[in-house]
Amino acid sequence: MTERKVRVRFAPSPTGALHIGGVRTALYNYLFAKKHGGDFILRIEDTDQGRFVPGAEEYIIESLKWVGIEPNEGIGFGEGPFAPYRQSDRKPMYKKYVDQLINDGYAYYAFDTAEELDAMRDRLKASNVDSKYDAITRTTMINSLTLPEDETKRRLENGDAYVVRIKLPRKEEVKFHDEIRGWVTVNTSTMDDKVLFKSDGMPTYHMANIVDDYSMQITHVIRGEEWLPSAPLHVLLYRYLGWENVMPKFAHLPLLLKPDGNGKLSKRDGDKLGFPVFPLEWKDPNSGEISSGYKQSGYLPEAVVNLLAFLGWNPGTHQELFTKEELAEAFTLERVSKHGAKFDQNKAKWYNQQYIRKVDNSVLALELEKQLANYNIKAEKQYLEQVCALVKEKISFIKELWDYSNYFFVEPTVYDETVIKKRWNEKSPLVINDLIELLRNVSNFDHTNIEAAYNQALERNEVANKDFLQMFRVCLSGVAGGPPIFEMAALFGKESTITRLENALNRIK
RNA sequence: GGCCCGUUCGUCUAUCGGUUAGGACAAAUGGUUUUCAUCCAUUAAAGAGGGGUUCGACUCCCCUACGGGCUACCA
């Protein structure tokens, strides 16, 4: 094969939300293309009209945009020189090649009805034989191989429903090289005469896939392992169409498995597993069921890219944090693992934490601002940034910003009971009163001065720091944990700090 | 059932015939933070089983077991 520009494609079907395994497949394609200075194409495989789900195509596009793995050609990303990129729009292109296969003796017409096919399968199953439409069984079925030539012609002219099936040799080894798994050999005796062209005039996946990859000059097919069994069929199609010299290289990715170790991750898992399986929130148009998305769950796209990249691939070094660019640089199909990977929530959380810490406070402030809007709270930008700086390393997900910072915006009305029960005593009101008085006289309300006033109040009442510090925190914020107390108070400001103490005094008894 | 692919700590994985089998997440313990989170240190944790090949196998071959995928006029 001559040196061709690397061109890869991600080719999902718009049958629902794109799940996270699909995003990983897209990512690996993207990384591979970037690594080799090639093109990454988005093609929509919608040959099954019955399974079309409205909104799914838009969802796929939005998802890819969110994670930042944008194709440079294809639906939703500027149609390139190989348009159209939606198989339903390419419908007229396929028939020609199907006819070519028939003329060359590699495919044939079949007129069997669904009932007849079922009957054949039942019959074969009953006699414990593999129930497939193959070199043997096709001789007992109704097709252009068993029908007289003029009868076939008559049926076609009459407009009878038909499909076109590939005519596989009875016994022949099909061998192909997978970039991840090495050589794979399958005998055609275990395969069946797959339908290439459906009675509704649409090609099946197998046919459309080969014609499109060929005509879009795809050099590498990087897809999920579920396609491995049909790869020999695809190899045969390239051969029969005379395209073997430009056949793409294949790489079948290991699957993403459910954490409980039972089966592959699927769209239907929705939220059942306790973590999102979709990049974006998805509302099923049929059931109305809403499934959460990584975005809405507070994941950063950079973290999703990084954690997905490591589910089935690793650089062979100890580095675990990679930017998209670094990934593209380091990525090789050679280092993709062969076995399925269970999704690990903890690791995902850890990745997100790492990325949140890297995010600039001003960016987090914007997110916090959005969350505050839900409560009709407005705050100054500078204040928001300072709050974010204090709480950022405590959170794992963006959406937790509010949970960890709400008391910066709303003065507490309830106080952590455990702490109060343990620490509140007859001296507490005295200390607080002294503290209020001392704080009133602090002119420069920064954390050192607050701390000095605090220590003075303790001394006056002969109270030990450890017996009161957390009490102080609870009076100010209502909760037992949080950022350094005096810095927190400094951010509240003098007025609010004093009000909070007064409120606590009135409410706690 | 048939065919294909796979199998290293609980999880993601490193190792490409010779290692005390390494790292990360999670866990446990201790320390720091007089809180939580962070951070630091420490601990525990793995080659599915059986045959070969070899001076020597986690690594190569075979068998078994187990896991996964496919087996539609779905992709």
Side-chain angles (χ1 to χ4, degrees), chain A residues 11-15 45-51 87 110 112-114 117-118 121 125 128-133 161-165 178 180-182 184-187 189-192 194-206 208-209 223-232 252 254-255 257-259 261-264 307 310-321 334-335 337-351 353 357 390-396 404 416 419 464-474 477 479-485:
Chain A
S13 311
T15 56
E45 309 223 325
D46 58 346
T47 52
D48 186 0
Q49 298 157 337
R51 290 211 304 162
Q87 288 182 332
D112 317 278
T113 63
L117 288 170
D118 287 344
R121 289 186 182 120
K125 227 172 250 170
N128 247 326
V129 183
D130 236 10
S131 59
K132 54 188 174 47
Y133 207 116
Y162 71 91
V163 300
V164 177
R165 288 179 181 273
D178 185 278
I180 294 168
R181 285 149 215 287
V184 177
T185 312
V186 179
N187 198 296
S189 63
T190 68
M191 298 163 62
D192 61 350
K194 279 271 174 309
V195 170
L196 301 178
F197 197 75
K198 301 185 273 189
S199 57
D200 65 0
M202 283 293 259
T204 58
Y205 167 84
H206 305 293
N209 192 257
R223 75 226 302 189
E225 194 186 356
E226 70 266 32
W227 295 109
L228 194 52
S230 51
H252 290 94
L255 264 16
L257 274 15
K258 299 182 205 203
N262 275 311
K264 67 169 175 174
L307 73 92
F310 270 70
L311 239 31
W313 174 86
N314 78 84
T317 65
H318 285 165
Q319 185 183 349
E320 297 208 84
L321 263 14
E334 207 181 23
R335 297 206 64 90
S337 58
K338 295 176 170 67
H339 53 268
K342 289 176 188 162
F343 187 92
D344 184 354
Q345 268 187 92
N346 283 321
K347 196 74 182 244
K349 181 180 169 181
W350 177 80
Y351 267 114
Q353 246 172 40
R357 283 186 211 157
L390 283 182
V391 302
K392 97 195 264 185
E393 66 177 26
K394 299 188 185 306
I395 65 170
S396 302
Y404 282 85
D416 186 286
V419 175
N465 183 31
K466 69 176 169 60
D467 292 331
F468 196 77
L469 191 71
Q470 206 177 10
M471 194 65 233
F472 181 40
R473 173 189 292 285
V474 169
S477 71
V479 293
I485 301 181

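Quick note on labels: first sequence line is chain A, next is B, and so on, each numbered from 1.
Judged by distance alone with a 3.5 Å cut-off, no donor-acceptor contact links the side chain of Asn128(A) to the base of G1(B). Counting distance only, with no hydrogens placed and no angle test, the side-chain atoms of Arg51(A) and the base atoms of C74(B) include a donor-acceptor pair under 3.5 Å. Interface remark: the Ser199(A) side chain does form a donor-acceptor pair with the C73(B) base, using a distance-only criterion of under 3.5 Å.
Atom C1' of nucleotide U38(B) and atom CD1 of Ile395(A) are separated by 13 Å, given to the nearest angstrom. The distance between atom CG of Asp200(A) and atom P of A75(B), rounded to the nearest whole Å, is 9 Å. Rounded to an integer number of Å, the gap from Leu228(A) CG to G68(B) P is 17 Å. Distance His206(A) NE2 to C74(B) P: 9 Å, rounded to the nearest Å. Rounded to a whole Å, the NZ atom of Lys125(A) is 14 Å from the P atom of G2(B). Atom P of nucleotide U13(B) and atom CG of Leu311(A) are separated by 6 Å, given to the nearest angstrom. In this structure, the CG atom of Asp178(A) is 13 Å from the C1' atom of G6(B), given to the nearest Å. As a whole-Å value, the separation of Leu255(A) CG from G6(B) P is 14 Å.
In terms of phosphate contacts, Lys198(A) brings a side-chain nitrogen or oxygen within less than 4.0 Å of OP1 or OP2 of C74(B). Here His339(A) does not reach the OP1 or OP2 of G69(B): none of its side-chain N or O atoms lies under 4.0 Å away. Put simply, Arg181(A) has no side-chain N or O that comes within less than 4.0 Å of OP1 or OP2 on G6(B). For the pair Arg357(A) and C39(B), the criterion of a side-chain N or O lying under 4.0 Å from OP1 or OP2 is met. The side chain of Lys338(A) contributes no N or O atom lying less than 4.0 Å from OP1 or OP2 of G68(B).
In the set U13(B), C36(B), C70(B), the nucleotide with an atom closest to the side chain of Ser337(A) is U13(B). Of all nucleotides listed (C73(B), A75(B), U13(B)), A75(B) comes nearest to the side chain of Ser13(A). Proximity note for Glu45(A) (side chain, C-beta onward) versus U35(B), G68(B), A75(B): the nearest is A75(B). When distances run from any side-chain atom of Lys394(A) to the nucleotides C70(B), A37(B), C73(B), the shortest one goes to A37(B). Comparing G68(B), U15(B), C73(B) by their closest approach to the side chain of Arg335(A) singles out U15(B). Here the side chain of Pro229(A) is nearest to one of U71(B), C70(B), C73(B), namely C70(B).
Taking atom P in both A24(B) and C58(B), one finds a spacing of 25 Å when rounded to whole Å. A gap of 36 Å separates the C1' atoms of U33(B) and U20(B), to the nearest Å. For the C1' atoms, the distance from G67(B) to U11(B) is 16 Å, rounded to whole Å. As rounded to the nearest Å, U59(B) and A72(B) have C1' atoms that lie 41 Å from one another. Taking atom P in both U8(B) and A46(B), one finds a spacing of 14 Å when rounded to whole Å. Rounded to whole Å, the separation between the P atoms of U19(B) and C36(B) comes to 45 Å. Comparing G50(B) with A65(B), their P atoms are spaced 15 Å from each other, to the whole Å. Nucleotides C62(B) and A21(B) have their C1' atoms positioned 25 Å apart, rounded to a whole Å.
Side chains of Ser396(A) and Gln353(A): a donor on one and an acceptor on the other come within 3.5 Å.
Taking a 6.0 Å sphere around CD of Glu334(A), one finds it holds 12 or fewer heavy atoms contributed by other residues, nucleotides or ligands. For Lys198(A), the NZ atom counts as densely surrounded, since its 6.0 Å shell holds more than 12 non-hydrogen atoms of other residues, nucleotides or ligands.
Each of Ile180(A) and Trp313(A) has a nearest nucleotide on RNA chain B; the 5'-most of these lies closest to Ile180(A). The nearest heavy atom of RNA chain B to Glu225(A) and to Thr15(A) marks one nucleotide each, and the one closer to the 5' end goes with Glu225(A).
Side-chain contact between Lys258(A) and Lys264(A) is absent, with no heavy-atom pair separated by less than 4.5 Å.
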At under 4.0 Å between heavy atoms, how does the protein contact nucleotides 22-32 of chain B? Give one character per nucleotide, 5' to 3', with B, S or -.
SSBBS------
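Across all strands shown, U33(B) forms no Watson-Crick or G-U wobble pair with both distances under 3.5 Å. Using Watson-Crick or G-U wobble geometry with both donor-acceptor distances under 3.5 Å, C66(B) finds its partner in G6(B).
Within the nucleic acid shown, Ala341(A) comes within 4.0 Å of sugar-phosphate atoms alone, with no base atom in reach, counting heavy atoms only.
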Give every pair of a protein N or O atom and an N or O atom of nucleotides 59-61 of chain B that lie under 3.5 Å apart, one pair per line with the distance.
none

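A pairwise comparison of heavy atoms in Thr47(A) and Tyr205(A) identifies OG1-N, 4.1 Å as the closest pair.
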